[in-house]
**Student:** 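Structure provided below as structure tokens; questions to follow.
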Number of protein chains: 2
Amino acid sequence: MSRDYQRPLDIRHGRIDMNHGAGGRLSAQLIEEVFLRAFDNPLLRQGNDGTVIDVPPGQRIVIATDGHVISPLFFPGGDIGCLAVHGTLNDVAMMGATPLYLTANFILEEGFPLAAVRRIAESMGAAARDAGVAIIAGDTKVVEQGKGDGVFIGTTGLGVLPAGRSIGGANARPGDVVLLSGTIGEHGVAVLSKRESLEFETTIESDTAALHTLVAAMLVAVPEGAVRVLRDPTRGGLGTTLNEIARQSGCGFLLQESAIPVLPQVDAACELLGLDPMYIANEGKLVAVVAPDCADAVLAAMRAHPLGRAAARIGAVTDDPRRFVQMDTTLGGRRIVDWLSGEALPRIC
Amino acid sequence: MSRDYQRPLDIRHGRIDMNHGAGGRLSAQLIEEVFLRAFDNPLLRQGNDGTVIDVPPGQRIVIATDGHVISPLFFPGGDIGCLAVHGTLNDVAMMGATPLYLTANFILEEGFPLAAVRRIAESMGAAARDAGVAIIAGDTKVVEQGKGDGVFIGTTGLGVLPAGRSIGGANARPGDVVLLSGTIGEHGVAVLSKRESLEFETTIESDTAALHTLVAAMLVAVPEGAVRVLRDPTRGGLGTTLNEIARQSGCGFLLQESAIPVLPQVDAACELLGLDPMYIANEGKLVAVVAPDCADAVLAAMRAHPLGRAAARIGAVTDDPRRFVQMDTTLGGRRIVDWLSGEALPRIC
């Protein structure tokens, strides 16, 4: 593209104004100097209304979409940019697919600093490159001050799925083993502590991460079909995710609370804040339902991966027409882990 | 899915609250009772993190994405729901692809009436069904009152493109003919008149429409390659769209103002409002650059289609290294149609 703007955008002092979203020269300049620069790849440079991609023969497509409205935009361990990449490519990966492409649309608020837009775009670009996915189409809109909140990002992810692979919530069956890839609760607590300006002795960082290489390592360790369900317990946390799988599969779950890893500082923060780690969002963890005879092999594959070192066997699928998620507590009782129904943490992803 | 909610949502009196976006039971209920009901299809009902689709062998994929922030949400001739469908599937169609699937993510503002959410969802569902595309994945987020504006919708469209087809801005070449599918300016004027509560003698309606069947009719009328460029002149209008093609192709354009169809009531409204129809958004029009020896055949195909009845030949591509878009005016002069650079209509799509 040509560089026929009168002068470059003043990233250091500039702010978003309504003309950045009007579709004219200033829109083109914002896209070129901030987004194309941060995401650069030949597909995005096609510059047409749509982007053309090839699909390898014999592969199906997996598509997932997410809106990101997290507040604050920057938090310990990440920001809305890398989160928008990880969140959506993880949804693609949870189908057993290899994520390849992302599209992104931005809703910017008038008055938002250009420097923050660039910082977020660069975080997105880096997260995508690190994960081996390309951001191949995008859109930018601007709303008046007070009609948005800095920036919202919608991302859609595309991946390819080999023929014959079927991973999904309906596949869980009684006797299957439930594995969790690591500690829960960091993301939600990190965001909340930043939002509320809470000071803990140690900073708790979000676990935001791309999980597709962990998934690939799990899948090669066992025969096709042994990994029945993969799910990343984001909004609503592990408790809600397991209830969703129970609803899809018609089974129940029985968990061992003592087996569910939680960092001590997260435990302490939850106690202080009156939160239950079972309902707190994670952005770099997955829960897997696997065939019982393959559980050890999958667990070993998880523990050999940097994002699965603290992986644990946390329970089993039960034959329960009520589809209850139950948990044997550390205190010796058994309780129902219901759907999150009351107040939850808003704007956590 | 089960119907295990205590009572149905109160669509008539209810309003969005933060819990509709928290990922728990109320989120699931909103999705089921409003969005799944409006968009219902088997792919969406898969209910996993991602949706699996098959790609016909030998086809490539075209993907396009758009954020929709139009204000007001309801306007003469349409609403944000059908607009979000048309806008994105038109971008797919402008590549010469057949649109098949859409994903949608919603950013809802706390306090927004559930009845309006349902009305918008039903408009989206109807527009998608009418166009033969399925909404196959979605996401819903909620932001606090004053941090959004009712609803924003991000849509991503997927279509299939036959091998060997190449339509894009870089393909225009000197001597090619420029065709326009109909009158310009209705969408922008309709939205603005509603927003500003302006009363004109006749109501001007948005032209929002799905253009893929018009594109298909044009493409079958002539040999592959004769239709070089297709573009829907939305935000920034016809003037900005032609400047984009000029930039991509390295050519110029010479237009005949007298040949560009504008409804008299749009002309009158533009005069009153101090607007130039060349820069006003359209949502149901396309501009085509075609090989000169095929122009008559393409124009005839357009005029035979309900969405192309007022199609016209409006100019030609010129050999101009400055890449100027010029126009012979009705007053007898020649002027440069520059990029939109000043104030534009905000939040028009």
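Every chain is numbered from 1, with letters handed out A, B, ... down the list of sequences.
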**Student:** Please state whether the side chain, the backbone, both or neither of Thr140(A) comes within less than 4.5 Å of a heavy atom of chain B.
**Tutor:**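 Contact with chain B is through the backbone of Thr140(A) alone.
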**Student:** If I take atom CZ from residue Phe106(B) and atom OG1 from residue Thr65(A), how far apart are they, to the nearest 0.5 angstrom?
**Tutor:**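 Rounded to the nearest 0.5 Å, the CZ-OG1 separation comes to 10.0 Å.
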**Student:** How about Tyr101(B) and Ile61(A): do any of their side-chain heavy atoms sit closer than 4.5 Å?
**Tutor:**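 SC-SC contact between Tyr101(B) and Ile61(A) ruled out.
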**Student:** Determine yes or no for a side-chain-to-main-chain donor-acceptor pair under 3.5 angstrom, with Arg235(A) supplying the side chain and Gly21(B) the backbone.
**Tutor:**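 Yes, because the side chain of Arg235(A) sits within donor-acceptor range (under 3.5 Å) of the backbone of Gly21(B).
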**Student:** Heavy-atom distances under 4.5 Å only: say whether Asp232(A) touches chain B with side chain, backbone, both or neither.
**Tutor:**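 Contact with chain B involves both backbone and side-chain atoms of Asp232(A).
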**Student:** For chain B, which of Met94(A), Glu109(A), Glu144(A) has the most heavy-atom pairs under 4.5 Å?
**Tutor:**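 Most pairs with chain B among the choices: Glu144(A).
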**Student:** What part of Ile136(A) is in contact with chain B, defined as an atom under 4.5 angstrom from a non-hydrogen atom: side chain, backbone, both or neither?
**Tutor:**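 For Ile136(A), the side chain is the part near chain B, not the backbone.
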**Student:** Are Ser71(A) and Lys147(B) close enough that some pair of their side-chain heavy atoms sits under 4.5 Å apart?
**Tutor:**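 Heavy-atom side-chain distance check fails, nothing below 4.5 Å.
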**Student:** For Gly47(B) and Gln248(A), work out which heavy atoms get closest and say how close.
**Tutor:**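 What the structure gives for the nearest pair is O-NE2, 3.2 Å.
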**Student:** Which region of Ile348(A), side chain (C-beta onward) or backbone (N, CA, C, O), has a non-hydrogen atom less than 4.5 Å from a non-hydrogen atom of chain B, or is it both or neither?
**Tutor:**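 No part of it gets close to chain B.
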**Student:** Go through the atoms of Ala281(A) and report whether side chain, backbone, both or neither lie under 4.5 Å from a heavy atom of chain B.
**Tutor:**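 Neither the backbone nor the side chain of Ala281(A) comes within 4.5 Å of chain B.
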**Student:** For residues Ala64(A) and Gly50(B), report the shortest heavy-atom separation together with the two atoms involved.
**Tutor:**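 In terms of heavy atoms, the two residues are closest at CB-CA, 4.1 Å.
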**Student:** Using heavy-atom distances under 4.5 Å, tell me whether Val229(A) contacts chain B through its side chain, its backbone, both, or neither.
**Tutor:**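 Contact with chain B: none, neither part.
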**Student:** Tell me, out of Gly148(B), Gly157(B), Pro57(B), Gly236(B), who's got the most heavy-atom pairs with chain A below 4.5 Å.
**Tutor:**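 Answer, by heavy-atom pair count under 4.5 Å with chain A: Gly148(B).
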**Student:** Counting heavy-atom pairs closer than 4.5 Å to chain B, which one of Val62(A), Thr103(A), Thr156(A), Thr51(A) comes out on top?
**Tutor:**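 Ranked by heavy-atom pairs under 4.5 Å with chain B, first place is Thr51(A).
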**Student:** Between Val52(A) and chain B, with a heavy-atom cut-off of 4.5 Å, which part of the residue counts as in contact: side chain, backbone, both or neither?
**Tutor:**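 Both backbone and side chain of Val52(A) come within 4.5 Å of chain B.
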**Student:** Could you tell me which portion of Ile107(A) (side chain, backbone, both or neither) has an atom closer than 4.5 angstrom to a non-hydrogen atom of chain B?
**Tutor:**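 Interface part for Ile107(A): side chain.
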**Student:** Give, as side chain, backbone, both or neither, the part of Thr88(B) having an atom under 4.5 angstrom from any heavy atom of chain A.
**Tutor:**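 No part of Thr88(B) comes within 4.5 Å of chain A.
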**Student:** Report the option among Lys141(A), His68(A), Met95(A) that has the most heavy-atom pairs separated by less than 4.5 Å from atoms of chain B.
**Tutor:**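 Option with the greatest count: Lys141(A).
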**Student:** Does a side-chain N-to-carboxylate-O contact under 4.0 Å join Arg347(A) and Glu110(B)?
**Tutor:**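 A salt bridge is absent here (no side-chain N lies under 4.0 Å from a carboxylate O).
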**Student:** Keeping the roles fixed (side chain from Asp139(B), backbone from Gly67(A)), state whether a donor-acceptor pair exists under 3.5 Å.
**Tutor:**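 Yes, because the side chain of Asp139(B) sits within donor-acceptor range (under 3.5 Å) of the backbone of Gly67(A).
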**Student:** Let me know if Thr240(B) has heavy atoms under 4.5 Å from chain A in its side chain, its backbone, both or neither.
**Tutor:**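 Just the side chain, heavy atoms under 4.5 Å.
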**Student:** Can you tell me how far CG of Asp49(A) sits from OG1 of Thr241(B), rounded to the nearest 0.5 angstrom?
**Tutor:**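 Going from the OG1 atom of Thr241(B) to the CG atom of Asp49(A) covers 8.0 Å.
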**Student:** When you check the side-chain N and O atoms of Arg231(B) and Asn48(A), is any donor under 3.5 Å from an acceptor?
**Tutor:**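 Short answer, yes.
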**Student:** On a heavy-atom basis, which atom in Gly24(A) and which in Trp339(B) lie closest, and how many Å separate them?
**Tutor:**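 Heavy-atom minimum between the residues: C-CE3, 4.2 Å.
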**Student:** Please assess Arg25(A) against Asp338(B) for the test side-chain contact (heavy atoms from CB on, under 4.5 Å), listing each intermediate value before the final yes or no.
**Tutor:** CA-CA 9 Å; Arg25(A) 198 188 293 269; Asp338(B) 199 0; 3.0 Å; yes
**Student:** Where on Leu161(A) is there a heavy atom nearer than 4.5 Å to chain B: the side chain, the backbone, both, or neither?
**Tutor:**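 Contact with chain B: side chain only.
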**Student:** Just give me the residue among Gly168(B), Ala170(B), Gly237(B) that pairs up with chain A most often, heavy atom to heavy atom, under 4.5 Å.
**Tutor:**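 Ranked by heavy-atom pairs under 4.5 Å with chain A, first place is Gly168(B).
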**Student:** Answer with side chain, backbone, both or neither: which region of Leu43(B) has an atom nearer than 4.5 Å to a non-hydrogen atom of chain A?
**Tutor:**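 When you check distances to chain A, no heavy atom of Leu43(B) falls under 4.5 Å.
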**Student:** Measure across Arg247(A) and Glu32(B) and return the closest heavy-atom pair with its distance rounded to 0.1 Å.
**Tutor:**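 Minimum heavy-atom separation between Arg247(A) and Glu32(B): NH1-OE1, 3.5 Å.
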**Student:** Looking at Thr234(B), Asp66(B), Val69(B), which one has more heavy-atom pairs under 4.5 Å with chain A than the rest?
**Tutor:**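 Heavy-atom pair counts peak at Asp66(B).
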**Student:** Kindly indicate whether the side chain of Arg60(B), heavy atoms from C-beta on, has any atom under 4.5 Å from the side chain of Ile53(A).
**Tutor:**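 SC-SC contact between Arg60(B) and Ile53(A) ruled out.
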